[in-house]
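In what follows, every chain begins at residue 1, and chains take the letters A, B, ... in the order their sequences are listed. Please read these numbers as outputs of a predicted model, since none were measured by experiment.
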Protein chains: 2
Amino acid sequence: MVKTKKLSKRELILTEAAKLFKDRGYGGTSMRDLAGQVGMEAASMYNHIKAKDEILASICFRISGLYISQLGEISATEASYGDKIKALIRLHIRLMVEDGPAVSVANHDWKYLPEPKLGEFKQARKTYEKGFAALIEAGIAAGEFQPVNVSVALFTILSAVRWIELWFRPGRELSAEELEANIITVLLNGLERK
Amino acid sequence: MVKTKKLSKRELILTEAAKLFKDRGYGGTSMRDLAGQVGMEAASMYNHIKAKDEILASICFRISGLYISQLGEISATEASYGDKIKALIRLHIRLMVEDGPAVSVANHDWKYLPEPKLGEFKQARKTYEKGFAALIEAGIAAGEFQPVNVSVALFTILSAVRWIELWFRPGRELSAEELEANIITVLLNGLERK
DNA sequence: ACTGAAAACTAACTAATGTTCGTTACCCTT
DNA sequence: AAGGGTAACGAACATTAGTTAGTTTTCAGT
């Protein structure tokens, strides 16, 4: 089991890096900080990773890949558009709760990717947003949703779930399931009673 | 007019700093970068500001002060709770459109404030959120809103408007007024038709 | 025109950054 | 027991960071 050990050390670095990047930002995290958290010297980490920005890229693209593949699966189901949107909202919340630091990094620090990777990541994001928007548009065309501007609806939904990381502490006052139910209520039914 | 000139140079620095901080982040912006944008040498800026983090603090507290004072005014009116929430949403959108870079910095880079200031800023934010939440809670108690979790509603609304900066380009396809109307529709009435 | 302050400049300092180098310890296979 | 590759290390590299010191320029008020 040679590969296993190698990968697990590397993934330890990636995991700890995501936590630190989330807290202090990419630029605010030094390789020595990260090494201290991992439990080795900064130089030693270069046996497992190629460069600091490769760490960032690994985190970002793992998350974007997850989102895009899940979007494909959900789109392909036979559910109503409302249920598809709900499933996507649940996906975002679940990933945020389970993989919080990495999602946070992919949302905030992607802009520090060096240029070949930066363009690829932007494109991946655009791909995801286009797929999400297509569902909203189809839902409006089917009379299932209100005839609202598609971009506004898309980003209102996306942003509403991206900020969960900032205040949600699982088990404190609110469970993940209650969180899902409440957010879906607000976004799909609106705040006002009718 | 001695004071006027002094203030305008300082404010030029603050304005350009907000733009750079928004694009490259606080840590990703060097004093030499900023000086180049302002049109002077890095050392020269220290005739107008005390330190780099003082720039960050000025930007953050100016924005937080704006939000808190406006919240006070809106809370004191005699409108319905729905109209108060709408007014707050419009406030967020207007500030984002008119003062975009500074709002963006106050939303993303506040965590790099050094420790005495950091605590103050956190408290200011909490003050604002408490005031906002009180309006939602009162609206629910009055039967005007759905009995949803107050924190969830609060942060869903707050986050929905914070991301405008990322994709909204005024005059392109959508005006600020249409933006307001659409966001309010989604948040207050929900996406689904009923 | 003179003066004194405000504000610009050049140069430099210290600290910290990402990364590389050469070497050493470890450990699995033979 | 020996060999060889993996992964750890300490030291050092060049670069860049924020900031300060000292000096010169600009310019409004007398």
Task: Euclidean distance, atom CZ of residue A/R10 to atom P of D/dT6 [Å, nearest integer] - done: 16 Å
Open item on the list: What is the distance, to the nearest angstrom, from the CG atom on B/D33 to the C1' atom on D/dT19?
Closed with: 16 Å
TODO: Kindly point out which of D/dT19, C/dT19, C/dA7 is positioned nearest to the side chain of B/H48?
DONE: C/dA7
TODO: List the steps, then state whether ring pair (Phe, Tyr, Trp, His ring centres under 6.0 Å) holds for B/H92 with B/Y67.
DONE: CA-CA 8 Å; B/H92 277 261; B/Y67 275 119; 4.6 Å; yes
Task: Set of salt bridge (Lys or Arg N to Asp or Glu O under 4.0 Å) partners for A/R32, sequence neighbours left out - done: none
TODO: Tell me whether the guanidinium CZ or amine NZ of B/K52 lies under 6.0 angstrom from the six-membered ring centre of B/Y26 and within 45° of its axis.
DONE: yes
TODO: State which of C/dG18, D/dT19, C/dA7 makes the closest approach to the side chain of A/K52.
DONE: C/dG18
Task: Closest-nucleotide 5' rank along DNA chain C - winner of A/G28 and A/K50 - done: A/G28
TODO: Nearest whole angstrom, please: distance from the C1' of C/dA6 to the CD1 of B/I13.
DONE: 14 Å
TODO: Rounded off to whole Å, could you give me the CD-to-C1' distance for the B/E54 and D/dT19 pair?
DONE: 14 Å
- [ ] Would you indicate whether B/F121, at its atom CZ, is surrounded by more than 12 heavy atoms from other residues, nucleotides or ligands within a distance under 6.0 Å?
- [x] yes
Open item on the list: Can you confirm whether more than 12 heavy atoms, excluding those of B/K122, are under 6.0 Å from its NZ atom?
Closed with: no
Task: Spacing between B/M31 atom CE and D/dT20 atom C1', to the nearest angstrom - done: 12 Å
Open item on the list: When you measure from the side-chain N and O atoms of A/K9 to the phosphate of D/dA8, is any distance below 4.0 Å, counting only OP1 and OP2?
Closed with: yes
Open item on the list: Holding to salt bridge (Lys or Arg N to Asp or Glu O under 4.0 Å), I want the full list of residues that pass it with B/R62, two or more places apart in sequence or in another chain.
Closed with: B/D99
Open item on the list: Can you tell whether the side chains of A/E16 and A/K19 come within less than 4.0 Å, N to carboxylate O?
Closed with: yes
Task: Rounded distance (Å) that lies between atom C1' of D/dA21 and atom OH of B/Y46 - done: 14 Å
- [ ] Can you check each nucleotide of nucleotides 9-16 of chain C against protein heavy atoms at under 4.0 Å and return B for base, S for sugar-phosphate only, - for none, in 5' to 3' order?
- [x] BBBB----
Open item on the list: Expressed as a whole number of angstroms, how long is the span from A/I49:CD1 to D/dT6:P?
Closed with: 17 Å
